[in-house]
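The next block holds one structure in the form of structure tokens; read it before the comments.
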There are 2 protein chains.
Amino acid sequence: MMYICAMYSKELLKGTLDIIILKLLEENGKMYGYEICQKVKDISDGKILIRDGSLYPILHKLLKDGMVTTEEVNLGKRVRKYYSLTAKGKGEKKMVVAELADFMETLSKIVFSDGKTSAAI
Amino acid sequence: MMYICAMYSKELLKGTLDIIILKLLEENGKMYGYEICQKVKDISDGKILIRDGSLYPILHKLLKDGMVTTEEVNLGKRVRKYYSLTAKGKGEKKMVVAELADFMETLSKIVFSDGKTSAAI
DNA sequence: CAAATATACATCATATTACGATGTATACAA
DNA sequence: TTGTATACATCGTAATATGATGTATATTTG
């Protein structure tokens with residue numbers, strides 16, 4: 001079977017998937033798993049793909065930690081499970097997004113400087 | 001024993017340490033392990049700390065992969081090992097830095113948008 | 001002078017994380 | 001009817017960073 005692969009080294013994604021999920025849930029109020037995957041794919045122009053093998057374990061952990069609540073909706077004979085942030089989840093989202101912003105700024109200082117202090121080559 | 005802890009969740013750092021090392025080596029021409037740790041600490045104001053338990057395995061891997069060469073210098077009775085980028089290493093650095101820039105831009109689109117398309121809260 | 005701290009390397013076991021593989025099921029399009 | 005999309009779940013595996021541990025020398029400070 002063919003898999004469309006995410007554009008980025010999957011290691012870069014580490015530690016950011018839960019942040020992405022928390023942010024999308026806050027922004028959209030209520031989402032189900034499959035919808036989250038599609039949304040991330042859309043916004044990132046297919047460059048970031050959350051696999052279901054990554055997504056559902058994270059959602060289960062968020063539920064266990066009290067960051068989200070669930071609500072099941074019947075679709076004919078299938079069940080769709082909607083997730084939404086709790087107050088705790090909203091606080092957590094604010095924290096991790098701020099941490100990510102700070103980290104990215106710091107990382108940029110190291111990796112994207114021109115290095116003009118050294119001799120030019 | 002007391003450990004000064006890095007400010008960020010260590011998961012965020014994943015996949016970025018080798019990029020940081022490649023970038024610093026290119027910028028400074030030639031560095032030894034301990035120096036790299038200190039440099040990162042300095043530039044990041046102590047927010048990013050590369051542990052020696054992380055650093056040396058990465059340097060050994062870069063050597064194994066032909067990204068760097070080493071040169072040993074005697075300091076009295078101790079030995080200091082300098083690392084510098086090979087041509088292959090310089091190419092790799094360019095690649096991974098570009099990938100990181102692209103990734104950060106894409107991630108920003110998802111995580112740092114205001115979400116004005118949804119109802120304001 | 002002794003003790004602590006800094007310099008400088010190395011290796012291993014462990015925890016975390018994302019993912020591929022696998023499984024179950026329904027709906028719809030070719 | 002065959003494949004693809006929707007929609008969930010779980011397990012084993014691989015990659016990575018780190019704490020712990022070990023070995024030494026050099027310097028600073030009480």
Side-chain angles (χ1 to χ4, degrees), chain A residues 1-21 30-42 48-65 68 70-83 96 103 107, chain B residues 1-21 31-42 48-65 68 70-83 96 100 103 107:
Chain A
M1 190 195 286
M2 255 277 289
Y3 277 92
I4 304 167
C5 285
M7 236 194 111
Y8 307 115
S9 139
K10 73 181 175 186
E11 291 306 325
L12 279 182
L13 220 48
K14 287 218 170 153
T16 63
L17 281 188
D18 47 354
I19 305 178
I20 291 173
I21 293 170
K30 180 200 276 194
M31 297 180 88
Y32 56 99
Y34 192 83
E35 189 186 7
I36 293 175
C37 292
Q38 295 305 313
K39 190 85 179 178
V40 170
K41 188 180 168 189
D42 283 355
I48 294 179
L49 301 176
I50 303 186
R51 317 283 173 178
D52 50 0
S54 312
L55 178 74
Y56 293 111
I58 296 178
L59 288 175
H60 298 334
K61 186 174 187 308
L62 288 175
L63 184 62
K64 201 198 72 184
D65 294 343
V68 297
T70 58
E71 181 190 345
E72 295 192 358
V73 172
N74 290 315
L75 291 181
K77 289 176 183 178
R78 273 189 293 171
V79 173
R80 179 184 285 172
K81 205 184 271 184
Y82 279 95
Y83 291 82
V96 295
F103 172 69
L107 186 60
Chain B
M1 188 194 284
M2 253 277 291
Y3 276 93
I4 303 165
C5 284
M7 234 194 110
Y8 306 115
S9 139
K10 71 181 178 188
E11 291 306 324
L12 280 181
L13 222 47
K14 287 223 170 144
T16 63
L17 281 188
D18 47 353
I19 305 178
I20 291 173
I21 293 169
M31 297 180 89
Y32 55 98
Y34 193 81
E35 190 187 6
I36 294 175
C37 291
Q38 295 305 313
K39 191 83 177 177
V40 171
K41 189 179 166 187
D42 282 355
I48 294 179
L49 302 175
I50 303 187
R51 318 284 174 177
D52 50 359
S54 312
L55 177 75
Y56 294 109
I58 295 179
L59 288 175
H60 300 334
K61 187 174 187 307
L62 289 174
L63 183 64
K64 202 197 71 184
D65 294 343
V68 296
T70 58
E71 180 190 344
E72 294 192 358
V73 172
N74 290 318
L75 292 181
K77 291 175 179 174
R78 272 189 294 172
V79 174
R80 180 185 283 170
K81 205 183 272 182
Y82 279 94
Y83 291 82
V96 294
L100 178 64
F103 173 69
L107 186 59

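These numbers come from a predicted model, not from an experiment. Residue numbers begin at 1 in each chain, while the letters A, B, ... track the order of the sequences.
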Residue list, ring-ring contact (aromatic ring centres under 6.0 Å, His included) with Y83(B), at least two apart or on another chain = none

Roughly, in whole Å, what's the span from [atom1] in [X] to [atom2] in [N]?
{"X": "I19(A)", "N": "dT17(C)", "atom1": "CD1", "atom2": "P", "answer": "11 Å"}
{"X": "L62(B)", "N": "dA15(D)", "atom1": "CG", "atom2": "P", "answer": "16 Å"}
{"X": "D42(A)", "N": "dA5(D)", "atom1": "CG", "atom2": "P", "answer": "14 Å"}
{"X": "I36(B)", "N": "dA17(D)", "atom1": "CD1", "atom2": "C1'", "answer": "16 Å"}
{"X": "I50(B)", "N": "dA17(D)", "atom1": "CD1", "atom2": "C1'", "answer": "11 Å"}
{"X": "N74(A)", "N": "dT26(C)", "atom1": "CG", "atom2": "P", "answer": "13 Å"}
{"X": "R51(B)", "N": "dT16(D)", "atom1": "CZ", "atom2": "C1'", "answer": "15 Å"}
{"X": "K14(B)", "N": "dA15(D)", "atom1": "NZ", "atom2": "P", "answer": "13 Å"}

Set of residues satisfying side-chain hydrogen bond (donor to acceptor under 3.5 Å, both in side chains) with respect to E35(B), sequence neighbours excluded =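 Partners of E35(B) by the side-chain hydrogen bond (donor to acceptor under 3.5 Å, both in side chains) criterion come out as none, since no residue qualifies.
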
Residues that Q38(A) engages under side-chain hydrogen bond (donor to acceptor under 3.5 Å, both in side chains), provided they are two or more places apart | none

Would you please name every residue forming a salt bridge (Lys or Arg N to Asp or Glu O under 4.0 Å) with D52(A), sequence neighbours left out?
-> none

Any side-chain heavy-atom pair of I20(A) and L107(B) under 4.5 Å =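 I20(A) reaches L107(B) side chain to side chain.
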
Just wondering, do C37(B) and L49(B) contact through their side chains at under 4.5 Å, heavy atoms?
->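 Contact flag for L49(B)/C37(B) side chains = no.
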
Can you name the side chain to side chain contact (heavy atoms under 4.5 Å, CB included) partners of R80(B), sequence neighbours left out?
->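 Side chain to side chain contact (heavy atoms under 4.5 Å, CB included) check on R80(B) returns Y32(B), L75(B), Y82(B).
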
Classify the nucleic acid contact of [X] as base, sugar-phosphate or nothing, counting any heavy atom under 4.0 Å across all strands shown.
{"X": "I58(A)", "answer": "sugar-phosphate"}
{"X": "G76(A)", "answer": "nothing"}
{"X": "K10(B)", "answer": "sugar-phosphate"}

Starting at the 5' end of nucleotides 3-14 of chain C, put B wherever the base has a protein heavy atom under 4.0 Å, S where only the sugar-phosphate does, and a dash everywhere else.
-> ---SBSBBB---

